[in-house]
Amino acid sequence: MSKRKVSVEDKTYAVNLYLDGKESQRRIADMFDVSLASVQQWIRNYESMGVNAFTLKGNKKYSKELKQQAVLDYLAGHGSQNDICKKYGIRSKGKLQTWIKKYNGHVELKSSGTGGSIVMTKGRKTTFEERVEIVQYCIAHDRNYAQIIPGVLSTGSQLYSQI
């Protein structure tokens with residue numbers, strides 16, 4: 001199956017065929033030479049955002065609060081991933097799955113489009129004892145390396161007094 005660009009009109013037509021009960025999702029996928037998952041995503045997006053779901057350009061930005069609430073709703077059993085995507089207007093089920101993995105991995109969910117922060121910069125050689133001290137400090141401070149470095153630097157630790 002090749003990756004094919006489908007027009008807004010064709011997507012709308014395809015979704016209406018399904019919603020009107022005239023065609024199955026599989027048949028629509030075959031008609032438009034796309035995957036079944038694509039057809040399911042069209043339907044889900046259409047049901048939550050209407051025809052605008054097909055006209056949006058670029059990446060949609062999601063707030064930190066929306067991401068957290070969507071993940072919490074899913075984990076609390078308030079619906080399937082499809083249901084949660086419809087409820088919150090999330091265009092891709094894969095996006096929700098990524099947020100769930102981050103949340104379960106204790107990674108902070110951030111608003112989209114805020115850019116990432118650089119965690120690692122040019123480093124230096126460390127001794128085994130220094131690495132042990134870094135690990136102990138990370139464990140004592142909720143394992144957030146990006147927030148720990150300024151704290152370690154400000155403690156006047158012998159480890160970082162050399163930096």
**Q** Salt bridge (charged side-chain N to carboxylate O under 4.0 Å, His left out): which pairs involve residues 95-104, sequence neighbours left out?
**A**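 Pairs touching residues 95-104 that pass the test: none.
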**Q** Show the nearest heavy-atom pair for residues K11 and V6, with the distance to one decimal.
**A**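 Smallest heavy-atom distance, with atoms named: CE-O, 3.4 Å.
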**Q** Just jot down the salt bridge (Lys or Arg N to Asp or Glu O under 4.0 Å) partners of K60, sequence neighbours excluded, or say none.
**A**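 Result, salt bridge (Lys or Arg N to Asp or Glu O under 4.0 Å) vs K60: none returned.
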**Q** For R91, which residues count as a side chain to side chain donor-acceptor pair (under 3.5 Å) partner, sequence neighbours excluded?
**A**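 Here no residue qualifies.
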**Q** Starting at CE of M49, measure out to CZ of R44 and round the result to the nearest 0.5 Å.
**A**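 CZ of R44 is found 9.0 Å from CE of M49.
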**Q** Per the ring-ring contact (aromatic ring centres under 6.0 Å, His included) rule, what does the pair list look like for residues 80-103, sequence neighbours excluded?
**A**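 Pairs touching residues 80-103 that pass the test: Y62-W99.
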**Q** When you measure from the side chain of K93 to the backbone of Q41, do you find a donor-acceptor pair of N or O atoms at a distance under 3.5 Å?
**A**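 Such a contact is absent between K93 side chain and Q41 backbone.
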**Q** Suppose clustering is done on Ile, Leu, Val, Met, Phe, Trp and Tyr with side-chain heavy atoms closer than 4.5 Å. Which residues sit in the same group as F128?
**A**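 The other cluster members (ILVMFWY side chains, heavy atoms under 4.5 Å, direct or chained) are V132.
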**Q** Considering all heavy atoms of both residues, which atom of I90 and which atom of I84 are nearest to each other, and what is their separation?
**A**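 Smallest interatomic distance, heavy atoms only, reads CD1-O, 4.3 Å.
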**Q** To the nearest 0.5 Å, tell me how far E9 CD sits from S7 OG.
**A**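 Nearest 0.5 Å value for the CD-OG distance: 4.5 Å.
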**Q** What is the minimum heavy-atom distance between I28 and E23, and which atoms define it?
**A**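 Here I28 and E23 meet closest at CG1-CB, 3.7 Å.
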**Q** How many angstroms lie between atom OG1 of T55 and atom CG of N52, to the nearest 0.5 angstrom?
**A**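 Reported to 0.5 Å precision, the distance equals 4.5 Å.
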**Q** If you apply the rule side chain to side chain contact (heavy atoms under 4.5 Å, CB included), what do you find for L17 with M31, and how did you get there?
**A** CA-CA 11 Å; L17 281 175; M31 287 170 53; 3.8 Å; yes
**Q** Mind checking side chain to side chain donor-acceptor pair (under 3.5 Å) for Q97 and listing every partner two or more places apart, or none if nothing turns up?
**A**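 For Q97 the side chain to side chain donor-acceptor pair (under 3.5 Å) partners, ignoring immediate neighbours, are Q81.
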**Q** For residues Y46 and V15, report the shortest heavy-atom separation together with the two atoms involved.
**A**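 Heavy atoms of Y46 and V15 come nearest at CD2-CG1, 3.4 Å.
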**Q** When rounded to the nearest 0.5 angstrom, what distance separates CZ in R27 from CZ in F32?
**A**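 Rounded to the nearest 0.5 Å, the CZ-CZ separation comes to 10.0 Å.
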**Q** Check the hydrophobic clustering (I, L, V, M, F, W, Y; side-chain heavy atoms under 4.5 Å; chains of links allowed) and say if V107 and V71 are grouped together.
**A**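 No: no chain of side-chain contacts under 4.5 Å links V107 to V71.
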**Q** State which residues pass side chain to side chain donor-acceptor pair (under 3.5 Å) with Q25; sequence neighbours excluded, sorted by chain then number.
**A**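 Checked Q25 against side chain to side chain donor-acceptor pair (under 3.5 Å); matches are Y18, Q40.
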**Q** Looking only at non-hydrogen atoms, find the nearest pair between K64 and S111 and report the distance.
**A**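 Closest pair (atom of K64, atom of S111, distance): N-OG, 3.0 Å.
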**Q** Going by salt bridge (Lys or Arg N to Asp or Glu O under 4.0 Å), name the residues that satisfy it together with D83, two or more places apart in sequence or in a different chain.
**A**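 For D83, no residue satisfies salt bridge (Lys or Arg N to Asp or Glu O under 4.0 Å) once neighbours in sequence are set aside.
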**Q** List the residues meeting side chain to side chain donor-acceptor pair (under 3.5 Å) with S48, not counting sequence neighbours, and say none if there are none.
**A**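 Counting only residues at least two positions away or on another chain, S48 forms no side chain to side chain donor-acceptor pair (under 3.5 Å).
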**Q** To the nearest 0.5 Å, what is the distance between CD on Q69 and NZ on K87?
**A**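 Nearest 0.5 Å value for the CD-NZ distance: 6.5 Å.
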**Q** Ignoring hydrogens, what is the shortest heavy-atom contact between N45 and A53? Give both atom names and the distance.
**A**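 Looks like O-CB, 3.5 Å.
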